[in-house]
Structure formats: structure tokens, C-alpha cells
Amino acid sequence: MSVGSNIKHDSSYGHVTGESIFVDDREATNSEVFVGIVGSPVACGKLISIDASAALKHKSCVGVYSASDFCSKKWGTIFKDQPIIVEDNIGYMGEPLCIFASTNRYDIEHIKTLFKFKIDKASPVFSISDSVAKNNIIYSSPSAFVQGDVEKVFKSATNILEGTFICGGQDHFYMESQACIAYPMENGQIEVHSSTQNPSETQRVVAEALGLSLHHVVCVVKRMGGAFGGKESQAAPIAAYAAVVAKKLKKPARLILTKDEDMIITGKRHPFENDYKVAFDNEGKINGFKIILKSDAGAYSDLSSSILERSMLHADGAYYLKNVYIQGLAYKTNNHSNTAYRGFGAPQGNMTIESVIEDIACFLKKDAFEIRRLNIYQKDNIKTPYNQNIENNMLPDIFDQLHKSSDYKNRLVEINNFNKQKNGKIKGISFTATKFGIAFTSRFLNQGSAIVNVQLDGSVQVSTGATEMGQGVNTKIQQVVSSAFGIPVNNVQIMTTSTEKNHNTSPTAASAGFDINGSAAIKACNKIKSRLCELAKLIFENTTENNKKNTFTEFEVNNKDLDLDFIFKDNLVTQTSTKKEISFKKLVFKAYNNRISIGEYSFYKTPEIGFCKNTVKGKAFNYFTQGAVVTEVLIDEYTGEMKVMKSDILMDLGRPINPDIDKGQVTGAFIQGMGWVTTERLFYDTDGNLISHSPTTYKIPNIQDIPRVFNVDFLLNKNKIKNIYGSKAVGEPPFLLGLSAWTAVKHALSYRSNGKPVNITSPVTGEVILNKLTDLKNGN
Ligand code: LUZ
Ligand code: MOS
């Protein structure tokens, strides 16, 4: 059975050789035009007029389009408040004001400079604090998550710490920028090939922009070169630009953002400023925790409300909070509209309490691990602040096993001794955890569909609503389908995702792409298998004479439940009770000859979930993916340079479908999380221009930044897990472990703070570390 084994990623060969086709690898047709975007030179104001005369005189410029050329003016995945293209009010620096088409893609950069705009400038707001001062709330949670009585606890608390945790945004830095090619088809139809996680949303925004019904728009997604949430909502307007040009000129239109354009135009992870207050006893037991989460939504709401909700749902981290108050507010600013990013608000919520625990440890002069171990969800304390109990809580096992296997105790002693030597270097160590809720918090998104077509030679084509962005969802679906039919993985091909095959697709997001679409595929396989079993039974029961009597006799098969007497294995279909067998291929062919369908469409919805944010009731998550990490850092006190020396990760992924693919996800997510909290700093000038808009100024981790020693292990979990083949989703949960690099720096710095909690913000770049060390030396 291929489920559970390390089948190679279905695109591994193509990615290495360059044979994999991404949007911009599609051959250009003769008539194709290239689309350019002209961005706003101000962050806030009113667009009065556009002077495109110089651009239109350019020899390769064949058209300029602005808001009046779009049938719909606004889009938005949750609230429709974002201009597809600016109509009057400008919300952020670089926001698209108009688009143009050129017959030569190499003229795009020049033509962009030929536009003149008349704009009434207004004064922008860039920071959360300034937006708070103006009360520019774009969304606030309808209800706080409350348990017990924090205010009462604060009155009689032994110890209280309070403050503000601040973290910055993060660029998605996918290898492939936002990209789309739109093809005009017959009868006014349009086909867009988009680099999107969200084909149906892209289809909808394109249809609305063009004034078409949905049945005249098809969105096709072969694959993405990374997405990380950045293509969950924000691929849609890009596709609309290409589509409008294609429709106007009746020519294929290609729009590929440059890296710089992409970084300037598209939204990022939300920066947060979280006010907290924590009460704890002298052992470090948290008795009360209050947190107000405040996010920078940017100019429009996008997914901010949903992201804020997930940050509230992860403000507890891995810790049981008996008395708790969690509230969240998203603020409007004149920054790019911030959006989904791996973790979807959870990292910003989770990191606060991990930071607070470092402070408690410092305050009590105790080991932070002991405080964490004391506060994690136990076997009996499993109630979350949002009224869901954690089933099969693995945190105590994970903590104890990793504490031992990482040799945490001895290493802490070694670090204490090392740091006493004052040799210009300091070490820090930190043990942090993740408990990530799996399911879309919007109930209706927890649905998926699959088409499974068995061909006459016994090979299989599968189409689902999942989109492949490198994460290996296609490979995992290939594995479950090949296991279902008992055929080699190579006999299963996952087909291009398209809204004409699978409609109303949920975005491939929330780590749940495989859970949902893989489950739908299995359901489809089972329906085909049940018919094949019935046919096999009839074939096995019938003698050849019976068959010969009448050439028109057909085996009639009705849809029944899967007959468990049959086993599909090694290309054979075997009846256990009679030991009779027939090859899968032969059976498939017989089914066709007997006019029995060997194709199926199936629909899946995640059972039982449905969280109501007004009442804070109902099941928010299907299950939790949990894990922990121990990270050790080394800091050079003279330069502020930080190196991650060692990270040991232990995750509970249930029974992985493909352990190596999951290991890749854990590794990548950890490094991406680490990058967010260490080197990835977004710099803006005072007008709101993003200065760090390329790899030369925005520092993502590269190969020499990964932990010198890096171990990724999985816990053996024998519990019943309510998910396909007992597997657990992996995409986002390990991102949260990356923040251990930040808490480890905090721990290291505490050796130079005379034991006082160290107040730092995220990301903690080398510059920040050096400045902090200087401050601490000066007694600040
Ligand atoms: N997208 C979404 C997500 O629309 N809802 C979610 O709950 C979610 N969670 C994680 C990532 N994307
Ligand atoms: Mo996402 S943050 O698109 O799962």
C-alpha cells in the first residue's frame, strides 16, 4: 500500500529539470499582449484624473484601462470593500490606479513611467498605534473569549506582568510572483490560467469584473511556485486585470508581476500589537491571562476578520488558561492590504504567550521549560478558552519525550556556565510548542469534491478542488487513490485543477487541502469500487454457459455499500471468502462492456464542526496538530550576529500519508517561521514606500541560516484520529515552532539584563540584538 510510504513528489523530477509548467512557462501565442500595472505614488488621497496620453503614444502600448472599464468596482473574499482598481479613494502606496497592454513585455517598465495622475493627497496612517488613536477599527470580534474571571484573579494575584507584544509583517516571498494569463474564448467566455490557491474566488472576481455569469468563466490552476497564503485572496484581482484586457482586445493577455511589483502591491502577514496582562503564582502557574489582539489590516478588510479570529483561537498557545479574556481588533491603515499567510494569525497570537512565559521565567528566576510544562494542557485540563475540548491531547507526551531526547536539562546547565565566561558570546535555549486547530473557521469552507475517472487500461485520472503549490497535495491524493484501487501510484495521475471540473472549491488553505479533497477522492473511489465488487461477484458466480445463452445479457449493478469481502491489492481484486480473483484492469474493462460506470464524482464535508463567533460555542476545529521544538542560539555580543545552532522538533502528525513530504513541510515551515521573527524586516519610508522590496533588502533565511544541527521527528500516535487514514494536517502548524528562535534570543539576552525580563519586538535582527545589548550594558 502506498499510503504511509515515501513516494516521491509527483513534480520532483520536473521541478529539478525545469519541465514543470508554471503560468509564465506557457507558450505565448502570436496575438498575445502583456499587461502592466501602474501604481499609486501616494498612500492616501483621491484620484482625480489619469493622463495616459504619453503611454498611448508609445509604439507597443495598445490600450489603457481603469475603473470605468471594470463592470464591478469592488471585491473582497469576506467583505467587498477593496477596489479592484482605484476608482476614487486611494488606500495605499502602489495601489493599482490603471493597467495597460503592450505587445512587448520588455516595454512594460518604461511605459509605466509615462503616466501622469492628478491626485488630492490626504494624510495617511501607517501604524497600529496611530490607527488606534483615530479609532480606525476595520473589524472587531463580536465576542471576547472568556473563561473564569480574570479581573478577580488580578486583584488577588501574587505576581502580575503586563505589557505589549509587538511583531512585524512578513512577505510571502514565493518563488513565482502573482501570475495570470487570460484567454478569450467563444461566445464571450473567458479562461484564466492563474497562480491562485483559490480557483473559484478567482473565477468569481473575474466574472464580476467582466460582467459575465459564472458559467462563462473557467479558472485553471496547474500549479503554483509557492503561495503560503499570499494567493488565497490576492490572486483574484490580478486575474481580473488580465481578463479585462483579454476581453477588451480579444487577445490572450499575460500579467506577471516582477518580484519588486509583487512585494509592493500585495499584502503580507499582519503586524500585531497585543496588550496583555498575566497573573501567576510563585511556581509560575498562570492563574489569569488577558489579551487584546490588535492587527494592522492595511487598507482593506481582505481576510483580516478571519485571521484575527484565528489569532484569538491561538492566543492560548499550548497552555491551559483557567481564567482568560481574549479580545481582538483589526485596524485600518494606509498599508498594503494584509492577507493570509501560513498560520493565518495563529503565529501572532501564539507568540505572545510564549514571550510572556519567557518573562515569567525571568521574573521568577526559573527555567522557562518548567513553567511551560506546568501550564500546558494536561490530560484532564483540556478545555480551551473557546469552549472546545482537546481530544487526544498529546502535549504532555511531546513535552516529556522532547525534553529528554533533546537533552534540554544538561544543555541548560552548559549554557549557564558558558554565559558566565563573558567571552563575547552568549547562548540561549528555548522550548516552545504548537497546537494548531485544523479546519476552516468559516464552516462553509470545509467542503471539497473530487472526480475519479478509471480509464479502460485500469489507469486513473483524478481531479479535485485542491491546488498544488509545492506542498505535495497531489502526491498524497495519488497515494490514497492508488491504495484504494490496489494499483501502483504511477497508474494514478492527478489532473490540472479547473473550476469546470470541480466547482465551488474552497481555497487550498488552512492546512486542510489534502484532508478535504483527499477525503472526497476516497469517497469517489469507494463508490466505483462498490460497483466493481458487485460485478466481480456476479462474474464469479456465473458460469460461462450462462453468459453464452444470450449475447445481450448484461450484469446489472446497483449502487451498494462497499463489499468488505473484496480486497483491492497488487493489481488484483480478490474475494476473500471464495479466494477468487480477477485483475483490476480486466474487471474495469468488463464493467465498461456491461455499461457500468467506472467514473465518479464525490463530495465531502468535514463532520461536526461549526464555531459561532458570536456565542463562542460550537466546535471550531476537527482536531489539533501539535508539536514542540527546542532551539539553541549563539549570539556574538560585538556584532549582534545570531546563529541558530540547533533545533530539535517533535511533531504529532498522526499516521502520515507520506512522512518525507511531511518532513519537508515541517522543515520549511519552521525555517519560514524563524525567518519571520529574526531577519525578515519590512522597511518603509515616511511616505509609505516599501524600501525592502527585493531580495537584496529583504532577508529571508538561506541555506547558511538553517540550524547547524536540525532534527525533525514524529511522535508515534496510536490514538483514533478523525481524519483520512489517521493522518494529520501539516502545512501550517510547524510554522509556529519557528518563533523559538526569537524566544531563544530573548533567553540569551536575559543573561545580560540582571535577570529582568527582556523587552524586545519581532523580528529580532542582528541590529536589534546589538542595540539591545548596548542598552542593557547602559542599564536601560
Ligand atoms: N483561510 C480561511 C485560512 O479562509 N479560513 C481559515 O480558517 C484559514 N485558516 C488558515 C489558513 N487559511
Ligand atoms: Mo493559508 S494562510 O492560505 O492556509
Side-chain angles (χ1 to χ4, degrees), residues 75-80 82 139 141 145 170 172 174 196-202 204-205 224 226-236 267-270 293 295 297 300-315 328 330 337-350 384 386 388 434-448 465-467 469 471 473 504-517 605-606 609-613 618-625 665 669 672-673 676 728-736:
W75 75 286
T77 307
I78 300 174
F79 306 105
K80 282 195 183 176
Q82 179 159 3
Y139 179 83
S141 174
F145 300 171
Q170 184 179 24
H172 299 85
Y174 25 60
T196 177
Q197 291 169 254
N198 204 342
S200 290
E201 174 70 6
T202 301
R204 281 189 289 269
V205 174
M224 284 159 276
F228 309 115
K231 297 167 181 175
E232 182 172 338
S233 61
Q234 301 206 355
K268 323 213 174 294
R269 179 182 298 286
H270 290 64
L293 298 139
S295 73
Y300 306 105
S301 62
D302 194 271
L303 293 159
S304 298
S305 54
S306 198
I307 289 162
L308 182 72
E309 187 184 5
R310 188 171 279 274
S311 68
M312 291 171 69
L313 290 162
H314 288 79
S337 189
N338 289 321
T339 189
Y341 194 142
R342 204 171 194 170
F344 207 72
Q348 297 95 316
N350 184 79
T384 63
Y386 45 93
Q388 177 170 355
T434 179
K435 171 190 108 302
F436 198 88
I438 304 300
F440 286 95
T441 52
S442 301
R443 186 168 184 250
F444 73 95
L445 291 175
N446 295 290
Q447 55 176 303
T467 56
M469 56 195 96
Q471 84 279 40
V473 67
N504 301 330
T505 58
S506 294
T508 306
S511 307
F514 170 70
D515 285 13
I516 290 168
N517 295 286
K605 58 178 177 180
T606 314
I609 51 177
F611 175 69
C612 174
K613 57 186 165 208
K619 206 173 155 195
F621 302 117
N622 192 24
Y623 61 90
F624 295 89
T625 297
Q665 285 295 300
Q672 197 169 38
W676 172 49
K728 285 192 173 190
V730 64
E732 295 169 291
F735 183 97
L736 279 63

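Read the numbers this way: they start at 1 and go in the same order the structure lists the ligands and their atoms. For the numbers below, each heavy atom of this structure counts, side chains included, while hydrogens, waters and symmetry mates do not.
For ligand 1, the atoms closer than 4.0 angstrom to any heavy atom of Ala509 are 12 (N). Short contacts between ligand 1 and Leu445, defined as distances under 4.0 Å to a heavy atom of the residue, involve ligand atoms 4 (O). Every atom of ligand 1 is numbered from 1 in the order shown, and the set under 4.0 Å from a heavy atom of Glu732 is 10 (C), 11 (C).
The CD atom of Gln388 sits 9.0 Å away from the CZ atom of Phe611 when rounded to the nearest 0.5 Å. Here CD of Gln197 is found 8.5 Å from CD of Gln471. Values are rounded to the nearest 0.5 Å.
Heavy atoms of Glu232 approach ligand 1 to within less than 4.0 angstrom.
Residue Phe344 touches ligand 1 through its side chain alone, judged by heavy-atom distances below 4.0 Å. At a heavy-atom cutoff of 4.0 Å, ligand 1 is contacted by no atom of Ala340, backbone or side chain.
Taking only non-hydrogen atoms, the option from Phe440, Phe611, Phe436 nearest to atom 5 (N) of ligand 1 is Phe440.
The closest donor-acceptor contact from the side chain of Asn446 to the backbone of Lys605 lies at 3.5 Å or more, if one exists at all.
In terms of polar-atom proximity, Ser442 is not counted as a contact of ligand 1, lacking any N or O under 3.5 Å from an N or O of the ligand.
For NZ of Lys619, the number of neighbouring non-hydrogen atoms (other residues, nucleotides, ligands) closer than 6.0 Å is greater than 12.
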For ring pair (Phe, Tyr, Trp, His ring centres under 6.0 Å), just list the numbers for Phe621 and His314, CA-CA rounded to whole Å, side-chain angles, deciding distance to a tenth of an Å, and then say yes or no.
CA-CA 12 Å; Phe621 302 117; His314 288 79; 5.7 Å; yes
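At least one side-chain heavy atom of Ser506 sits less than 4.5 Å from a side-chain heavy atom of Gln447.
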